[in-house]
Amino acid sequence: MHAEVINPATEDIIATVEMLDEARTEHAVRRASAAMNTWRSISAADRARLLQRFALAVEADMENLAQLETRNCGHTLNNSRFTLRKIVDCMLFYAGAAERLIGKQIPVDGGINITFHEPVGVVAVIAPWNFPLMIAVWGMMPALAAGNVVILKPSELTPLTTLRLVELATEAGLPDNVVQVVTGTGPAVGQTLLDHSDVGKVVFTGSTAVGRTVMTSAARNLKRVTLELGGKSANIVFADADLKAAAEAAPMGVFDNAGQDCCARSRLLVQRSVIDEFIELLVPAVRSVVVGDPTHADTHVGPLISATHRERVSAFLADKPQIVVQADIPEGPGYWFPPTVIRSDDGRAPTATQEIFGPVVTVIPFDDDDDAVRIANDTTYGLAGSIWTRDIGQALRTARRIEAGNLSINSNSAVRYQAPFGGFKQSGIGRELGPDAALEFTETKSVYISTA
Ligand code: TXE
């Protein structure tokens, strides 16, 4: 069976990709298990060198990958190029991690214990369609560095850059089947990976609903899981903040990648005493957002991923919320959706409580810091958020009280590959990225040596 891959900015079919069935997915797991012996027998220094070569192969192919990601996902080309640079940096960072899996020596009665970090085995990385290549790399690289083999399962909507990534792994000299890609649907390919007893760990990024299925399936054979799920992050603007800077940054804090970002700051909490002034600054900032052809240098926001997703996002506006401002969208083909600001004084509008995964933000007033924290935490999610204030004490006190894994102060961007990333509450389990990510793909083994 094959599936058509669509460019969401033009609605053109740009590729057809094979959809594997359960049996072919099982073969991939068998090949991965066999490759484990080869990968484990390579020294840490040589593994690091191979992973560096892999990173450099991606760097050499960066422009092609950026163009491909833009065609398949509708990211602006500016964004795809920026992301590709970060991907290469992230790959180089984790190439080095292969040589930094350092155990401990622990004095004990009668001798000494030493610890080793052993690979978990076969790791499946199940990725969504919003940032296909970046999310694949975040899971894959620390897993490989720790001596695991990896099977990548991209979304059926966005497999193209992941397919190219695996070709580059081979070109860079990684042994056969150390990195594989299995294209297909969640229920066929994804579920087979979840159910297979030879898969030791699953890294899943996607919806909270499927995240629950992943965890339930993994529980059957106690597979390790890392889950990166949804979000409904708050962007909190205190009255003493640089309101102009906060208002100018707020639109792209949620409209970037057409709002299809788990960290999108889709609730804009503004202190009541300055909310009118803030909205006056926000409106022109939203009107200046350019939606359109993602390959144009001036475009800020591309299309949504699919017609189905556009219907889902549109449904949030069906019950006529109070719209403050909307940006323009182009006419003609493409799954466009206008960046939209909504106001909800009680914070109860569906746009204020549910993950929309589109370019929609809801402005909600708050009275004081207790009120801001209460509203920010009044959600089952806990992924990201921002705090805008000139008072660093206020910023840090608030940051400590927000139930979320990734916060930024006077900025709307918190994710850096050098620092841990992940969610509180129903936004996920475990952490990706940061200095310790490779350890998440290991089992700690303790060996006692008698000195008697
Ligand atoms: O995600 P899914 P989709 C949210 C967002 C979006 C919605 C649906 O709200 O509108 O989820 O997006 C695979 N066993 N997020 O459909 O369904 C699937 O094939 C194993 C938020 O893309 O969760 C794909 O590869 N795998 C999120 C991946 O899981 C299964 C990012 C994600 O699919 C499976 C993306 C199964 N039973 C969407 N069913 C974020 N916050 O970052 C599906 N899959």
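Read the numbers this way: they start at 1 and go in the same order the structure lists the ligands and their atoms. Keep in mind that the numbers below use all heavy atoms, side chains included, and drop hydrogens, waters and symmetry copies.
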S.K.: Of the protein's non-hydrogen atoms, which lies at the shortest distance from atom 38 (C) of ligand 1, and what is that distance?
M.R.: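 I find the closest protein heavy atom is Phe357 CE2, 3.8 Å.
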S.K.: Does Asp198 come within less than 4.0 Å of Arg30, counting only side-chain N to carboxylate O?
M.R.: no
S.K.: Is ligand 1 under 4.0 Å from a heavy atom in the side chain of Gln260, in the backbone, in both, or in neither?
M.R.: neither
S.K.: Is the shortest N/O to N/O distance between Thr205 and ligand 1 below 3.5 Å?
M.R.: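 N/O-N/O distance below 3.5 Å does not exist for this pair.
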S.K.: Looking at Arg53 and Glu171, does any basic side-chain N land under 4.0 Å from a carboxylate oxygen?
M.R.: no
S.K.: Any donor and acceptor pair, going by atom type alone, linking the side chain of Trp39 with main-chain N or O of Asn148 inside 3.5 Å?
M.R.: yes
S.K.: If you count every heavy atom of other residues, nucleotides or ligands that lies below 6.0 Å from Gln418 atom CD, does the total exceed 12?
M.R.: yes
S.K.: Any side-chain donor paired with an acceptor under 3.5 Å for Thr76 and Thr299?
M.R.: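 Looking only at side-chain atoms, Thr299 and Thr76 do not form any donor-acceptor pair under 3.5 Å.
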S.K.: Identify, by atom number and element, the atoms of ligand 1 in contact range of Leu194, meaning under 4.0 Å from any of its heavy atoms.
M.R.: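 Per the distance check, 14 (N), 20 (C).
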S.K.: Ignoring angles and geometry beyond distance, decide whether Lys153 reaches within less than 3.5 Å of ligand 1 through its nitrogen or oxygen atoms.
M.R.: yes
S.K.: Pull out every atom of ligand 1 sitting under 4.0 Å from any heavy atom of Arg312, numbered as shown with elements.
M.R.: 9 (O), 10 (O)
S.K.: Might you check, step by step, whether the distance between atom 33 (O) of ligand 1 and some protein heavy atom is under 4.0 Å?
M.R.: no
S.K.: For ligand 1, which atoms have a heavy atom of Ser155 less than 4.0 angstrom away?
M.R.: 25 (O)
S.K.: So which protein heavy atom does atom 16 (O) of ligand 1 come closest to, and at what separation?
M.R.: Trp129 NE1, 4.0 Å
S.K.: How far is atom 17 (O) of ligand 1 from its nearest protein heavy atom, and which residue and atom is that?
M.R.: Val210 CG2, 3.5 Å
S.K.: Starting from atom 30 (C) of ligand 1, locate the nearest protein heavy atom and write down its residue, its atom name and how far away it is, to 0.1 Å.
M.R.: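 Going atom by atom, the protein heavy atom closest to atom 30 (C) of ligand 1 ends up being Gly186 CA, 3.3 Å.
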S.K.: Give the residue and atom name of whichever protein heavy atom lies nearest to atom 29 (O) of ligand 1, and the separation in Å to one decimal.
M.R.: Phe204 CE1, 3.2 Å
S.K.: Below 3.5 angstrom, do we get any N/O pair linking Leu229 and ligand 1?
M.R.: yes
S.K.: Going from CG on Leu227 to CZ on Phe204, what distance comes out if it is rounded to the nearest 0.5 angstrom?
M.R.: 7.5 Å
S.K.: Which of the atoms in ligand 1, numbered in the order shown and given with their element, are less than 4.0 Å from a heavy-atom of Glu156?
M.R.: 18 (C), 19 (O)
S.K.: In terms of side-chain heavy atoms, does Ser217 have a donor or acceptor partner in Gln191 at a distance below 3.5 Å?
M.R.: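 Yes, a side-chain donor-acceptor pair sits under 3.5 Å.
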S.K.: Would the distance check show the side chain of Arg224 and the main-chain N or O of Phe441 forming a donor-acceptor pair, the cut-off being under 3.5 Å?
M.R.: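 Answer holds: no.
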S.K.: Below 4.5 Å, heavy atoms only, C-beta onward: do Arg400 and Leu396 meet side chain to side chain?
M.R.: no
S.K.: Tell me: protein heavy atom nearest atom 24 (C) of ligand 1, and distance?
M.R.: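 Scanning the protein heavy atoms, the shortest distance from atom 24 (C) of ligand 1 goes to Ala127 O, 3.4 Å.
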S.K.: Tell me, which protein residue and heavy-atom name are nearest atom 9 (O) of ligand 1, and how many Å apart are they?
M.R.: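 For atom 9 (O) of ligand 1, the nearest protein heavy atom is Glu355 OE1, 3.3 Å.
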S.K.: Near Gly190, which atoms of ligand 1 are under 4.0 Å from a heavy atom of that residue?
M.R.: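 By the 4.0 Å cutoff, the relevant atoms are 14 (N), 20 (C), 26 (N).
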S.K.: Polar contacts were defined as any N/O atom of the residue lying under 3.5 Å from an N/O atom of the ligand; does this apply to Thr185 and ligand 1?
M.R.: no
S.K.: As an exercise, state the distance from OG of Ser386 to CZ of Arg265, rounded to the nearest 0.5 Å.
M.R.: 3.5 Å
S.K.: Can you list the atoms of ligand 1 that are under 4.0 Å from a heavy atom of Gln191?
M.R.: 14 (N), 20 (C), 36 (C), 37 (N)
S.K.: In terms of residue, atom name and distance, what is the protein heavy atom nearest to atom 23 (O) of ligand 1?
M.R.: Ser207 OG, 2.7 Å
S.K.: Using heavy atoms and a threshold below 4.0 Å, how should the contact between Pro154 and ligand 1 be classified: side chain, backbone, both, or neither?
M.R.: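 Near ligand 1, Pro154 shows its backbone, while the atoms from C-beta on stay back.
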S.K.: Has the side chain of Glu355 got a donor or acceptor atom that lies under 3.5 Å from a matching backbone atom of Gly230?
M.R.: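 It does not hold such a pair.
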S.K.: State if Phe131 counts as touching ligand 1 under the rule of any non-hydrogen atom under 4.0 Å.
M.R.: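 No, Phe131 has no heavy atoms under 4.0 Å from ligand 1.
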S.K.: I'd like to check which ligand 1 atoms, numbered from 1 as shown, lie under 4.0 Å from a non-hydrogen atom of His309.
M.R.: 10 (O)
S.K.: Salt-bridge test for Arg348 and Asp378: reply yes if a basic N is under 4.0 Å from a carboxylate O, no otherwise.
M.R.: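 Here Arg348 pairs with Asp378 in a salt bridge, since their nearest N and O are under 4.0 Å apart.
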S.K.: Step by step, would you call Phe421 with Trp138 a ring pair (Phe, Tyr, Trp, His ring centres under 6.0 Å)?
M.R.: CA-CA 10 Å; Phe421 172 70; Trp138 286 2; 5.4 Å; yes
S.K.: Hey, is Asp21 close enough to Arg24 for a salt bridge, meaning N to O under 4.0 Å?
M.R.: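 Here Asp21 does not pair with Arg24 in a salt bridge, since their nearest N and O are not under 4.0 Å apart.
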S.K.: For atom 42 (O) of ligand 1, which of Cys262, Gly230, Cys263 has the closest heavy atom?
M.R.: Cys262
